[in-house]
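Remarks on the structure that follows.
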Amino acid sequence: MTARDKDNTDWLNDAMASLEDAPSSARSVEGQFELLHSLLNVWQKHPQMRLMQLLINALNNSESYPELYYIDDAELIDKLKMFDDKHSGS
């Protein structure tokens, strides 16, 4: 991991540290941070992969999901924003 990569993950490490004294109701949030931290660590080792490509390869599933496997990260970001807009209630 380069110094730049370390700087990019400092916020996540800080967030994880802040959860250590959190009430038990925050454990699901802690699990989300753990998942994201794991994803970030693996993705930094394989930056040539798109997010969904990385996830599907990690699942090592025998089924093919071409509509997910080939989605561009920018398109995924747009879809996440649209989902959030639709379901955020604002």
* Does Leu40 share a hydrophobic cluster with Leu55, counting links as ILVMFWY side-chain heavy atoms below 4.5 Å and allowing steps through other members? -> no

* **Point-to-point distance, once rounded to the nearest 0.5 Å, from CZ of Arg50 to CH2 of Trp43** => 10.5 Å

* Structure fact -> Heavy-atom closest pair (Gln53 atom, Gln48 atom, distance to 0.1 Å) is OE1-O, 4.4 Å

* So if you build clusters from Ile, Leu, Val, Met, Phe, Trp, Tyr with side-chain heavy-atom gaps below 4.5 Å, do Leu36 and Leu54 land together? -> no

* So do the side chains of Tyr69 and Met52 get within less than 4.5 Å of each other, counting heavy atoms only? -> no

* Path from Leu39 to Val29 over hydrophobic side-chain contacts below 4.5 Å -> no

Ignoring hydrogens and angles, write down the donor-acceptor pairs under 3.5 Å from the side chains of residues 71-83, residues two or more places apart or on other chains.
unit_1	atom_1	unit_2	atom_2	d
Asp72	OD2	Ala74	N	3.0
Asp73	OD1	Leu51	N	2.9

